[in-house]
Amino acid sequence: MIEQEFPRKWAMGLIEKMQGYFGARFDNTYPKRNGMSDEQYMENLISICCEIMEGMTPDHIKFGLQTMRTAKFCPVFTEFREWCEDYVKQSYKPKTAALANINAWMGDSSVSITNAEREAYNRVYDMFNQLQWANNYEKAKYYAFESFKETYTEVVKEFIKKGELQSIWIEPPKIESRPVVKVLKKDYLNILTPEDRQNLENTEAKVKELVASGMSHSSANFRSFKRQSKMKYKVGDRVYLYGIKYIVTDVFPSKIEPLDKVMMENEDEAIVILF
């Protein structure tokens, strides 16, 4: 995290508030060295304050001032910075509360969890995942829970160091890894070539002829399939088998796949034809 410069104006305002709150105690905490003029003294204080308070935001300063209002001593700048940094620390739940929350979330994914809770869960995921196969469930759960609390503490330290406030974890949108084929409702007869139409009519006529001779419909279809499967196809050929329109996707060995399983480069060309 790139720390932003602490404005000179903010430093002057902070010093002025400290002088007003603590009076003589401020002078004891920030004594003026012998031979130093009032102007030099103030410039030196401002310079030190800006250097130590670098990276602090208005929200940090407000939180530090709230602590200072009830302080019984005048803090040096490093102590005041620690009070300001508590603004981030106080935003995080204690580890026991975080464990209770993540445990509730594992049972009900609609429960809101925080960024730190999710990160800690990710780091000990395997321990939680193995609980379902544990021989001694209670013992395994104890170690998983303790590991989560220790990990959560470390995650919080990392987030505080980066100045990252606790926030509600938002699940990122899920991305479908498999290509999606758009199914278009089209009348297959309107897209058949004359050759396709003739093949379809020949096949249907052959099936009807075999059924009329006493063969079952499934046997007639199977015989038609055996006859056509011995034919030589080229990539892109369409074949009518078992009442489904097929497309040839490989030349050797002859391989045919239903159109509804073929991923077209142009999804508008993906047509599912079922009878």
Side-chain angles (χ1 to χ4, degrees), residues 1-7 10-11 14 48-73 75-178:
M1 181 181 67
I2 300 176
E3 294 191 341
Q4 63 184 26
E5 183 179 344
F6 194 76
W10 293 6
L14 176 58
I48 294 174
C49 181
C50 288
E51 181 178 349
I52 292 176
M53 298 300 293
E54 184 179 10
M56 295 294 97
T57 68
D59 287 332
H60 288 93
I61 303 302
K62 290 177 183 177
F63 192 84
L65 289 174
Q66 289 176 3
T67 304
M68 192 172 72
R69 291 191 186 101
T70 58
K72 297 181 179 180
F73 63 93
V76 295
F77 292 132
T78 52
E79 289 171 326
F80 184 76
R81 181 186 174 96
E82 290 179 356
W83 294 350
C84 293
E85 289 177 338
D86 285 342
Y87 168 67
V88 177
K89 295 178 184 178
Q90 59 83 34
S91 72
Y92 288 93
K93 298 178 183 178
K95 60 184 179 182
T96 51
L99 173 60
N101 199 42
I102 207 72
N103 192 37
W105 172 77
M106 287 190 292
D108 179 4
S109 61
S110 67
V111 174
S112 295
I113 60 175
T114 68
N115 50 349
E117 289 167 352
R118 176 65 187 195
E119 177 62 25
Y121 172 79
N122 287 345
R123 297 186 187 184
V124 297
Y125 169 77
D126 287 341
M127 297 188 71
F128 283 116
N129 189 46
Q130 291 298 321
L131 288 178
Q132 56 187 317
W133 295 292
N135 293 327
N136 189 330
Y137 176 81
E138 291 301 323
K139 184 177 181 179
K141 183 175 74 171
Y142 170 79
Y143 284 123
F145 282 9
E146 288 301 306
S147 180
F148 173 84
K149 288 190 289 185
E150 291 178 8
T151 303
Y152 176 79
T153 301
E154 292 302 313
V155 169
V156 169
K157 289 179 181 179
E158 293 174 13
F159 284 11
I160 290 174
K161 188 175 181 180
K162 294 188 295 184
E164 184 174 343
L165 289 169
Q166 176 175 262
S167 61
I168 297 299
W169 176 73
I170 300 176
E171 184 175 5
K174 295 180 180 179
I175 300 176
E176 180 62 49
S177 59
R178 296 180 59 188

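In what follows, every heavy atom counts, from backbone to side chain, and hydrogens, waters and symmetry copies are set aside.
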Q: Is there side-chain contact between Tyr121 and Thr151, with heavy atoms separated by less than 4.5 Å?
A: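 When only atoms from C-beta onward are counted, Thr151 and Tyr121 do not touch, as no gap falls below 4.5 Å.
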
Q: For residues 125-136, run the donor-acceptor check on the side chains, cut-off 3.5 Å, and write out each pair with its distance to 0.1 Å, sequence neighbours left out.
A:
residue	atom	partner	partner atom	Å
Asn129	OD1	Gln132	NE2	3.3
Gln132	NE2	Asn129	O	3.1
Asn136	OD1	Lys139	N	3.2

Q: Kindly write out the residues that satisfy side-chain hydrogen bond (donor to acceptor under 3.5 Å, both in side chains) with Glu158, not counting sequence neighbours, or none if the list is empty.
A: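 Scan of Glu158 (side-chain hydrogen bond (donor to acceptor under 3.5 Å, both in side chains), adjacent residues dropped) gives Arg123.
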
Q: If you measure from CD1 on Ile52 to CD on Glu79, what distance do you get to the nearest 0.5 Å?
A: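 That separation rounds to 10.5 Å.
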
Q: Which atom pair, heavy atoms only, marks the closest approach of Trp10 to Met56?
A: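 Heavy atoms only, the tightest pair is CZ3-O, 3.6 Å.
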
Q: Any heavy-atom pair between the side chains of Met53 and Cys84 that's under 4.5 Å?
A: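 Contact flag for Cys84/Met53 side chains = yes.
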
Q: Taking salt bridge (Lys or Arg N to Asp or Glu O under 4.0 Å) as the definition, give me every residue that meets it alongside Asp86, ordered by chain and number, with sequence neighbours left out.
A: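 Result, salt bridge (Lys or Arg N to Asp or Glu O under 4.0 Å) vs Asp86: Lys89.
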
Q: Search all heavy atoms of Tyr92 against all heavy atoms of Ile160 and return the closest pair with its distance.
A: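 In this case the closest contact between Tyr92 and Ile160 is CE1-CG1, 4.0 Å.
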
Q: Under the side-chain hydrogen bond (donor to acceptor under 3.5 Å, both in side chains) rule, collect the residues that match up with Thr57, sequence neighbours excluded.
A: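 So Thr57 forms a side-chain hydrogen bond (donor to acceptor under 3.5 Å, both in side chains) with His60.
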
Q: Who are the ring-ring contact (aromatic ring centres under 6.0 Å, His included) partners of Phe77, not counting sequence neighbours?
A: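 Partners of Phe77 by the ring-ring contact (aromatic ring centres under 6.0 Å, His included) criterion, ordered by chain and then number, come out as Tyr30.
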
Q: With sequence neighbours excluded, tell me which residues meet side-chain contact (heavy atoms from CB on, under 4.5 Å) with Glu171.
A: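 With neighbours one apart ignored, the set is Trp169, Lys174.
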
Q: Counting distance only, does the side-chain N/O of Gln90 pair as donor-acceptor with the main-chain N or O of Tyr87 below 3.5 Å?
A: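 Here the side-chain-to-backbone pair exists.
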
Q: Taking all non-hydrogen atoms of both residues into account, name the closest pair between Glu54 and Glu5 and its distance.
A: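 Minimum heavy-atom separation between Glu54 and Glu5: CG-CA, 4.3 Å.
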
Q: Output all residues satisfying side-chain contact (heavy atoms from CB on, under 4.5 Å) with Cys50, sequence neighbours left out; order by chain, then residue number.
A: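 Listed in chain order: Phe6, Ala11, Ile46.
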
Q: According to ring-ring contact (aromatic ring centres under 6.0 Å, His included), who are the partners of Phe73, at least two apart in sequence or on a separate chain?
A: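 Partners of Phe73 under the ring-ring contact (aromatic ring centres under 6.0 Å, His included) test: Trp83.
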
Q: Got more than 12 heavy atoms from elsewhere within 6.0 Å of CD1, Ile170?
A: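 No - once you tally the heavy atoms of other residues, nucleotides and ligands closer than 6.0 Å, there are 12 at most.
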
Q: With sequence neighbours excluded, what pairs up with Gln166 under the side-chain hydrogen bond (donor to acceptor under 3.5 Å, both in side chains) test?
A: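 For Gln166 there are no side-chain hydrogen bond (donor to acceptor under 3.5 Å, both in side chains) partners, ignoring immediate neighbours.
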
Q: Any side-chain heavy-atom pair from Met106 and Asn103 closer than 4.5 angstrom?
A: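 Yes - at least one pair of side-chain heavy atoms lies under 4.5 Å apart.
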
Q: For Gln66, which residues count as a side-chain contact (heavy atoms from CB on, under 4.5 Å) partner, sequence neighbours excluded?
A: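 For Gln66, the residues satisfying side-chain contact (heavy atoms from CB on, under 4.5 Å) (neighbours in sequence not counted) are Phe63, Arg69.
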
Q: Identify each donor-acceptor pair in which a side-chain atom of residues 107-117 lies under 3.5 Å from a protein atom, sequence neighbours left out, and give them as a table.
A:
residue	atom	partner	partner atom	Å
Asp108	OD1	Ser110	N	3.1
Asp108	OD1	Ser110	OG	2.7
Asp108	OD2	Ser110	OG	3.0
Thr114	OG1	Glu117	N	3.2
Thr114	OG1	Glu117	OE1	3.4
Asn115	OD1	Ser167	N	3.2
Asn115	ND2	Glu164	OE2	3.2
Asn115	ND2	Leu165	O	3.2
Asn115	ND2	Ser167	OG	3.3
Glu117	OE1	Asn101	ND2	2.7
Glu117	OE1	Thr114	N	2.9
Glu117	OE2	Lys93	NZ	3.4
Glu117	OE2	Asn101	ND2	3.4

Q: Suppose we screen for side-chain contact (heavy atoms from CB on, under 4.5 Å). Which residues come up paired with Lys95, at least two apart in sequence or across chains?
A: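 By the side-chain contact (heavy atoms from CB on, under 4.5 Å) rule, Lys95 matches Lys149, Tyr152, Thr153.
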
